[in-house]
Amino acid sequence: MVIKVIEGFIIGIPMTIDSNSYKEFFPYPEPRKGQSEMMLAIEEAVRTGVNICSEAPNGFGKTCVTLSGILPWVKENNGKILYCARTHRQLDRVVEELVEISKRQDVSGVSFRGRRHMCLNPFVIENSDFVAPISEVCGQLKATGRCSYYEKLKKAGDPEDLLEDVPKRVLTAPEIVKIAESKSMCPYEMAKRLAKVVDVVALSYLYVFDPWILEVFVPDLGTPLSKIVLVQDEAHNVPATALDSASDSLTLRIVRQATREAKDGPYKDGTSHEFSRALTRNLLELSSDLKENDEKIVDPRNIVDMSVKSAGLDSSERILIHMQDHGAKIKKGLLKAGKFPRSAIHRVAEFLLSWLRCVDREDYSFIISSSITRGGTKRVSLDLVALDPTSVTTPVLNMVHSSVAISGTISPLEAYAEMLGFGSESTKVTFQSPFAIRNRLGLIVSGLDTSFQNRNGSTFERMVEHCLAVVNATPGNTGIFASSYSIARSLVEAGLEKRLKRKLFLEHPGMKGTDNDKMIEDYKRQGEKGGAVLLGVQGGRNSEGGDFPGSTMESVVVVGVPYARPTPRMEALIKYYDSAFNQKGRDYAYVLPAMTRAIQSAGRPVRRLDDRGAIVMLDQRFATKYLSRFIPSWLKEVMQIVSDNPEDVAHQVESFFMT
């Protein structure tokens with residue numbers, strides 16, 4: 001059922017709730033326009049056990065509204081909310097809203113980080129890597145009684161006692177780390193214990209959509225899945241997250257490590273050595289014709305069989321099981337000796353056994369890829385690429401009581417509901433922007449685009465002119481979000497930084513989260529000091545997870561349409577989506593994700609009711625019928641097409657902020 005909310009009324013949904021229970025949990029004096037309707041729709045869906053897919057614009061207050069709509073059922077049924085989000089900032093936002101709700105009602109909650117962000121054990125922090133994941137090492141240390149932090153936590157009593165012992169009932173992951181550190185206890189395990197007895201657990205998507213993590217994590221919640229309501233915040237990210245969790249990769253570097261590991265010394269093993277050496281040769285031969293950042297589809301069975309034959313061995317499955325067993329013995333021996341339990345032999349075997357299990361599945365693609373690392377070296381890998389997000393999401397949805405998917409950019413709802421695995425019986429509802437139209441300016445500049453044939457010096461120089469026009473007409477900060485880091489570099493090379501009269505903050509690929517946070521704090525402070533400019537990318541942490549109210553970002557320039565490169569894996573995804581989603585492969589796999597990233601970037605300046613935001617789309621393709629069908633109503637209703645004239649753009653932006 002698809003629902004539109006018009007002038008405060010929900011059209012198309014039968015309501016069965018007599019009492020407005022959500023009002024008891026909503027913590028603010030008065031709901032904004034549309035918030036009561038959204039809480040009512042969510043409460044109705046949760047009470048009836050129906051999944052709901054809900055779109056509301058940035059700044060609507062979706063987090064608080066969603067919690068208020070679900071908590072009545074959770075408190076009545078001794079249930080729990082698993083609130084999934086992508087970034088740490090989004091998870092902290094859940095806790096912040098829960099703190100406000102806790103001032104009215106007796107509610108509790110915690111947020112999680114990954115073990116790496118919560119672990120205090122220096123042995124684990126210094127040694128974990130992709131060959132030996134931190135979760136595996138942590139598990140082995142706990143099992144053998146060799147983690148003092150965990151051992152002390154075991155003596156802390158029941159989860160209920162632990163909750164009573166902490167200073168408050170709603171805690172962020174960093175707060176839990178501080179409390180646990182003061183008691184010399186394991187923060188991660190403390191969070192897991194608290195999760196048993198709280199109402200809301202805020203955590204990364206991976207805890208839910210990685211099958212291995214879910215299997216290990218859910219029993220620790222102490223709540224049957226049938227009493228759990230799953231919230232998927234920023235749900236437009238879920239299909240890609242699900243595909244990532246079901247995919248895997250094996251690098252040539254790991255295969256070479258396995259060869260050395262098996263060659264001599266205490267872990268010498270002829271079978272493992274010969275197979276790994278043969279696999280190394282085959283990968284080098286197969287990748288010899290690949291350019292930088294290139295890939296091709298390969299025959300999955302042939303790669304293993306060729307390596308077996310080249311090594312003079314037989315029965316690939318028997319060889320891989322032998323390597324897996326041998327690697328497990330190596331890890332056990334290392335741990336017993338007080339060393340870090342990593343084995344490249346085990347990793348190679350584990351990956352290839354999984355690779356072979358998927359050989360006959362149509363929802364996987366098998367690829368060899370070549371790329372250049374930040375250090376300038378060539379990286380070759382075998383990639384097992386999942387193609388069906390619903391193969392990950394549907395089993396989870398079938399187990400939980402219901403799921404609430406929310407986002408500011410989840411149009412068209414039918415498309416995302418399909419990709420999330422919600423099914424036709426789910427509720428789909430759109431809420432209009434509570435922001436006054438006069439507080440938003442939307443411009444699409446004609447005559448310019450970043451399509452490949454138009455990427456030249458004169459185009460980027462012209463785009464810089466438009467960026468400068470917007471920046472100089474904006475009282476506070478401006479954000480510029482390019483379709484890729486390559487386009488961002490081209491803007492800098494075309495003179496953006498040199499010609500700016502304001503400080504430029506540059507988002508870099510691979511930037512550490514802590515470094516980015518410090519940069520953004522400094523950038524925000526410039527909003528009341530004459531303004532600054534942030535240059536980032538669409539789909540990056542600042543264009544999606546960033547919150548820039550007021551003068552911290554008053555204008556945004558969206559440069560280019562962030563289409564993915566037309567790689568073999570993208571073509572495989574489009575082909576699979578065509579068969580799975582009624583010939584909508586190109587729309588669902590290629591166009592929609594690009595538009596979602598662009599619209600997320602466009603929404604950064606409008607976060608609060610009194611915010612004023614100018615949005616300039618610097619690519620004429622946004623005005624075409626092909627792409628404009630994916631622009632949500634809150635942006636489409638203020639959009640106008642303007643000519644390729646920076647002076648006109650500057651006049652429009654300046655006039656907007658002066659009125």
Side-chain angles (χ1 to χ4, degrees), residues 113-151 186 188-189 206 210-213 215-217 244-245 247-280 283 304 307 319-356 371 373-375 377-384 510:
R113 298 281 194 274
R115 279 184 171 89
R116 189 177 300 277
H117 295 279
M118 299 185 78
C119 183
L120 299 175
N121 191 321
F123 176 75
V124 175
I125 296 169
E126 294 167 7
N127 289 282
S128 60
D129 58 20
F130 189 66
V131 181
I134 193 170
S135 58
E136 184 179 329
V137 178
C138 178
Q140 292 182 3
L141 289 176
K142 289 190 299 182
T144 55
R146 301 181 64 177
C147 178
S148 61
Y149 300 97
Y150 177 67
E151 290 301 309
C186 172
Y188 186 80
E189 293 297 328
L206 290 179
D210 184 306
W212 187 85
I213 297 177
E215 184 179 345
V216 173
F217 182 74
D244 286 344
S245 72
S247 302
D248 200 0
S249 185
L250 178 70
T251 65
L252 178 61
R253 181 177 67 87
I254 299 298
V255 180
R256 282 174 162 157
Q257 284 180 10
T259 305
R260 292 193 294 270
E261 187 176 61
K263 184 178 181 180
D264 49 35
Y267 313 125
K268 181 177 180 179
D269 182 72
T271 298
S272 300
H273 178 257
E274 292 302 324
F275 177 82
S276 299
R277 188 169 66 168
L279 180 60
T280 299
L283 294 182
V304 179
S307 300
I319 291 167
L320 294 176
I321 290 174
H322 166 80
M323 290 175 64
Q324 188 180 42
D325 291 343
H326 184 63
K329 291 175 183 175
I330 292 172
K331 293 200 292 185
K332 188 176 180 180
L334 286 169
L335 187 63
K336 191 174 181 180
K339 298 178 181 178
F340 201 77
R342 61 163 60 91
S343 169
I345 294 172
H346 188 273
R347 173 64 189 144
V348 170
E350 181 184 56
F351 173 85
L352 290 178
L353 285 169
S354 177
W355 171 275
L356 291 176
S371 59
T373 67
R374 287 200 296 272
T377 60
K378 186 176 180 180
R379 178 187 185 273
V380 174
S381 65
L382 285 178
D383 301 330
L384 177 63

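What you are looking at is a predicted structure, and each value in this text was computed from that prediction instead of being measured. All residue numbers refer to positions in the sequence shown, counting from 1.
Of all the heavy atoms in Arg347 and Ser249, the pair that sits closest is NH2-O, 2.8 Å.
Between the side chain of Gln324 and the main chain of Ala349, no donor-acceptor pair closer than 3.5 Å is present. Distance alone, capped at 3.5 Å, is enough to place a donor-acceptor pair between the His326 side chain and the Tyr267 backbone. The backbone N or O of Val255 lies less than 3.5 Å from a partner atom in the side chain of Thr259, making a donor-acceptor pair. The backbone N or O of Ala344 lies less than 3.5 Å from no partner atom in the side chain of Gln257, so there is not a single donor-acceptor pair.
Enclosure of atom NZ in Lys378 by more than 12 non-hydrogen atoms of other residues, nucleotides or ligands within 6.0 angstrom is indicated. Heavy atoms from other residues, nucleotides or ligands lying under 6.0 Å from NZ of Lys142 number more than 12.
Side chains of Trp355 and Leu320 form no contact here, defined as non-hydrogen atoms less than 4.5 Å apart. Using a 4.5 Å heavy-atom cutoff, the side chains of Ile330 and His346 are not in contact. The closest side-chain heavy-atom distance from Ser245 to Leu206 is below 4.5 Å. Two residues are said to be in side-chain contact when any heavy atoms from C-beta on lie closer than 4.5 Å; Met323 and Leu352 fail this criterion.
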- [ ] Apply side chain to side chain contact (heavy atoms under 4.5 Å, CB included) to the pair Leu141 and Tyr150, showing each step before the final yes or no.
- [x] CA-CA 9 Å; Leu141 289 176; Tyr150 177 67; over 6 Å; no
- [ ] Would you sort out whether Thr373 and Thr377 count as a side chain to side chain donor-acceptor pair (under 3.5 Å), showing the intermediate values?
- [x] CA-CA 5 Å; Thr373 67; Thr377 60; 2.8 Å; yes
